Amino acid sequence: MSFAQQSAHHPSSSAKLPSRTHTCGALHLDQLNQQVRLCGWVAKRRDHGGLIFIDLRDRYGITQVVFEPSCPDFQWAEKLRSEFVIQVTGLVRARPEGMVNPRLSTGTIEVVAQKLNLLSEAQTPPFAIEDETDVAESVRLEYRYLDLRRPYLQRNLVTRHKMLQIVRRHLDENHFIEIETPILYKSTPEGARDFIVPSRLNPGSFYALPQSPQTLKQLLMISGMDRYFQIARCFRDEDLRADRQPEFSQIDIETSFLSEEELFPILESMIQKLWKQILNVDIATPFPRMPYHEAMSRFGSDKPDVRFGLELQDLSDIFAQSGFQVFQNALAKNSRGIAGSVRALVVHPSATSQPSEQFSRKDLDDLTKVAASYGAKGLLWIKVQEGGELQSPAAKFFTDTEKSALKSRLDLKPGSLVLIVADKNKVVFDALGALRLNLGERLGLMPKTDIQNARAQDFAFLWVTRFPLLEFDDKENRYFACHHPFTSPRPEFFDDFIGGKNLDAIEASAYDMVLNGVEVGGGSLRIYRPDVQAAMFKLLGLTEQEAEAKFGFFLQALKYGTPPHGGLAFGVDRLAALLCGVGPIRDVMAFPKTQRGHCVMSSSPSEVDHSQLQELHILTVKSKSS
RNA sequence: GGGGGAGUAGUUGAGUUGGUUACAACGUCGCCCUGUCACGGCGAAGGUCGCGGGUUCGAGUCCCGUCUCUCCCGCCA
């Protein structure tokens, strides 16, 4: 008789004992001498010949089961292998003196088996199911259902679940209603590439999967829904990153009649609850607010990590008359009358264990490469020597006045290192902003958070506000909306906006919530006047006909009594990753995709039958490049 | 589209100047073992060195191409 034949292959239950009396994380000395029934996976078998230990695992924990020769099923216990699914009936017993395992929550007890019931056999798994696994992610993703048995991923998914429950409860208490919006919707111009879905019933026509429910939630405000939210699945056909997947979730929120000052506290208290209930950390509110321009000039980023200093310094005025060609070029005005700048990061010897002498040629080369990858044509360094002399490849271009201005402005002392980028502002901010983060890591300025023992100071929340409304694109020679085309200018800029004046200086009622250098959410107050919305589309280069074709339904709706409204969307995956203390959002998603957008478990995307394509009126062609 | 890193037993890695039968650990399989929890002891099996081509008497190693994974830039209203 084989093991499988011997076993029932379905759980036993009786009036006396149900299929499962406890989970594998539940038993303590309280249940001493009780008869219990556990179900789970064999995590480990330790066969001592006359005594067999089984670590039985479920998502609640691990319990040690002991098979002694007196157990009638002892011979079958010898046949157990990793990941077999079993049901064990037995007695809870205190572990002998000195045998307690402090690393298990159930480490004070063990279950002495009386009966073993095999529910499922298992092939040998391709990798060990344990937290300390060090296996290539592609292997883990191919067997994601096994990877998800690891306590680490199970904890992350539980945290994500808790997070969403707290969010739902909070928004419900604040009179928000959860409304589902369509996944099959209309393709939208601008923004990310759409995933499109062919319509069998409408040959040649396509739905698009929503990049966000933006227009739909605004229409719900026009419908009078007043306060809406949705845990919305969103789709963007762009290249992936550690924090970007082609499909992702947002906590999508929209409200009517509220100002920023009235909206922010609702969102801040939601965050406060999440951090309190999940991490037991008290986050102070209101969050600091920082205008976009301040974030850029101080940190070189619109999502600054303000847990450490190392702020950017503007040296443009010092070098206004510089004889150094690189600086002259950067400070010259372009055809649209906009000048770049000369800015620097300064590392003082006191602030770090690494004074400038310890920045080797290779270190500086590495830093230069970082700057270059953000478009900087070079990175100019200055080292301050023992005697106070400035050592730099460009030192000979500096006048004495410039040198002394530098020293006093930057408070230079022997051992200081200055890193300068001179270019148009976008490049200067991007390059120095990235260098600041790189140096912050390199010099150990960036705090490491132990998420199990997190403290309030580990989390630097802030609102970045007053984003520019428009951005001019040199290549296409037109303006683009910085946020999206439904974002309202701040009221004080209405006249300029309608009149088409000083467009570069117009600020938007847009805001991002930032935590430790991560944009966790973003939103805006929306345009609610049809004439302003039409003006926006026109400014963005849409003809009236194009605007009508793409957004006619929306412009029409705006004319039927639109309340002032605005909202925001949080990135569920990013928030969950921060609450779990992990980097890649793949680790807080059940079935993520690889960087090529593949699901290696199911091998999707994949080719489909010709007949399927035919029904959809689709013909595929091989492109020359492939 | 561009740049960096990686691909060798099931897994994680080593592999010298191009040279005998490609190595180790863990895992797996068999036998033994009554207090383990990284159990232990003895033994065994396990490989198209990502794929394709080239150079060479000979390629895991050198060259060319290609695929995949990963990090980043562009992109992500």
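All values reported here derive from a predicted model rather than from experimental measurement. Chain letters run A, B, ... following the sequence lines, proteins first, then strands; residues in each count from 1.
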Over all strands shown, is [X] touching base, sugar-phosphate only, or nothing at heavy-atom distances under 4.0 angstrom?
{"X": "A/Arg241", "answer": "base"}
{"X": "A/Lys369", "answer": "nothing"}
{"X": "A/Glu110", "answer": "base"}
{"X": "A/Thr487", "answer": "nothing"}
{"X": "A/Asp237", "answer": "nothing"}
{"X": "A/Pro126", "answer": "sugar-phosphate"}
{"X": "A/Arg45", "answer": "nothing"}
{"X": "A/Asp134", "answer": "sugar-phosphate"}
{"X": "A/Arg596", "answer": "sugar-phosphate"}
{"X": "A/Pro69", "answer": "base"}
{"X": "A/Tyr374", "answer": "sugar-phosphate"}
{"X": "A/Arg57", "answer": "nothing"}
{"X": "A/Glu68", "answer": "base"}

Of the nucleotides [options], which one has an atom closest to the side chain of [X]?
{"X": "A/Arg81", "options": "B/rU11, B/rU36, B/rC29", "answer": "B/rC29"}
{"X": "A/Asp239", "options": "B/rC29, B/rG74, B/rU70", "answer": "B/rG74"}
{"X": "A/Gln595", "options": "B/rG27, B/rU70, B/rU36", "answer": "B/rU70"}
{"X": "A/Ala192", "options": "B/rG30, B/rC76, B/rC37", "answer": "B/rC76"}

Quiz item: Do you know which two heavy atoms are closest between A/Leu80 and A/Ile54, and how far apart they sit?
Solution: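 The pair with the smallest heavy-atom distance is CD1-CD1, 3.9 Å.
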Taking the same atom, [atom1], in [N] and in [M], what whole-Å distance lies between them?
{"N": "B/rG58", "M": "B/rC69", "atom1": "C1'", "result": "32 Å"}
{"N": "B/rC72", "M": "B/rC29", "atom1": "C1'", "result": "45 Å"}
{"N": "B/rU28", "M": "B/rU66", "atom1": "C1'", "result": "34 Å"}
{"N": "B/rG7", "M": "B/rU17", "atom1": "C1'", "result": "24 Å"}
{"N": "B/rG27", "M": "B/rU12", "atom1": "P", "result": "15 Å"}
{"N": "B/rG65", "M": "B/rG4", "atom1": "P", "result": "13 Å"}
{"N": "B/rG19", "M": "B/rC62", "atom1": "P", "result": "11 Å"}
{"N": "B/rG46", "M": "B/rG10", "atom1": "P", "result": "11 Å"}

Could you tell me the separation between the [atom1] atom of [X] and the [atom2] atom of [N], rounded to a whole number of Å?
{"X": "A/Leu51", "N": "B/rC37", "atom1": "CG", "atom2": "P", "value": "12 Å"}
{"X": "A/Gln250", "N": "B/rC76", "atom1": "CD", "atom2": "C1'", "value": "12 Å"}
{"X": "A/Asp47", "N": "B/rG35", "atom1": "CG", "atom2": "C1'", "value": "13 Å"}
{"X": "A/Glu238", "N": "B/rC72", "atom1": "CD", "atom2": "C1'", "value": "16 Å"}
{"X": "A/Arg95", "N": "B/rC37", "atom1": "CZ", "atom2": "P", "value": "11 Å"}
{"X": "A/Asp430", "N": "B/rC73", "atom1": "CG", "atom2": "C1'", "value": "10 Å"}
{"X": "A/Leu240", "N": "B/rC71", "atom1": "CG", "atom2": "P", "value": "9 Å"}
{"X": "A/Arg244", "N": "B/rC73", "atom1": "CZ", "atom2": "C1'", "value": "10 Å"}

Quiz prompt | Side-chain donor/acceptor contact of A/Asp55 with base of B/rC37 under 3.5 Å | solution =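 A donor-acceptor contact between them is absent.
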Quiz item: Taking N and O atoms by type only, does the side chain of A/Arg236 place a donor or acceptor under 3.5 Å from a partner on the base of B/rC76?
Solution: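 Counting by modelled atom types and ignoring angles, no donor-acceptor contact under 3.5 Å is found here.
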Opposite nucleotide pairing with [N], Watson-Crick or G-U, both atom distances under 3.5 Å:
{"N": "B/rC42", "value": "B/rG30"}
{"N": "B/rC62", "value": "B/rG54"}
{"N": "B/rA22", "value": "none"}
{"N": "B/rU48", "value": "none"}
{"N": "B/rG7", "value": "B/rC67"}
{"N": "B/rU36", "value": "none"}

Exercise. Identify whether the distance between the nearest side-chain nitrogen and carboxylate oxygen of A/Asp55 and A/Lys44 falls below 4.0 Å.
Key: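 Between A/Lys44 and A/Asp55 there is no salt bridge, as every charged N stays at least 4.0 Å from the carboxylate O atoms.
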Practice problem: Decide, yes or no, whether a salt bridge links A/Asp239 with A/Arg244 under the criterion of side-chain N to carboxylate O below 4.0 Å. | Solution: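 No.
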Exercise. Ignoring hydrogens and angles, tell me if any N or O in the side chain of A/Thr255 forms a donor-acceptor pair with the backbone of A/Gly566 under 3.5 Å.
Key: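 The answer is yes, because a donor-acceptor pair under 3.5 Å joins these two groups.
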Self-check item: Side chain A/Arg236, main chain A/Arg193, donor-acceptor under 3.5 Å
Solution: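 Here the side-chain-to-backbone pair does not exist.
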Practice problem: State whether the aromatic ring of A/Phe53 stacks on the base of B/rU36, taking stacking to mean ring centres under 5.5 Å apart and ring planes under 30° to each other. | Solution: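 So A/Phe53 counts as stacking on the base.
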Exercise. Would you say whether A/His48 stacks on B/rC39? The test is a distance between ring centres of less than 5.5 Å and an angle between planes of less than 30°.
Key: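 Aromatic stack with B/rC39 present for A/His48.
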Quiz item: Relative to the ring of A/Phe554, is the ring of A/Phe551 parallel (under 30°), tilted (30 to 60°) or perpendicular (over 60°)?
Solution: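 A/Phe551 and A/Phe554: perpendicular rings.
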Ignoring hydrogens and geometry beyond distance, is a side-chain donor-acceptor pair present between [X] and [Y] at under 3.5 Å?
{"X": "A/His565", "Y": "A/Gln218", "result": "yes"}
{"X": "A/Gln64", "Y": "A/Thr106", "result": "no"}
{"X": "A/Ser488", "Y": "A/Arg526", "result": "no"}

[X] vs [N]: side-chain N/O to OP1/OP2 distance below 4.0 Å:
{"X": "A/Arg103", "N": "B/rA38", "result": "yes"}
{"X": "A/Arg193", "N": "B/rG74", "result": "no"}
{"X": "A/Thr594", "N": "B/rC69", "result": "yes"}

Exercise. Verify whether the ring centers belonging to A/Phe67 and A/Phe74 lie closer than 6.0 Å.
Key: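 No; A/Phe74 has its ring centre 6.0 Å or more from that of A/Phe67.
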Self-check item: Contact nearer the 5' end of RNA chain B, comparing A/Val139 with A/Pro584
Solution: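 Whichever sits nearer the 5' end wins; that is A/Val139.
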Quiz item: Want to settle it: does A/Gly50 or A/Lys44 sit nearer the 5' end of RNA chain B, counting the closest nucleotide to each?
Solution: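 Looking at RNA chain B, the more 5' nearest nucleotide goes with A/Gly50.
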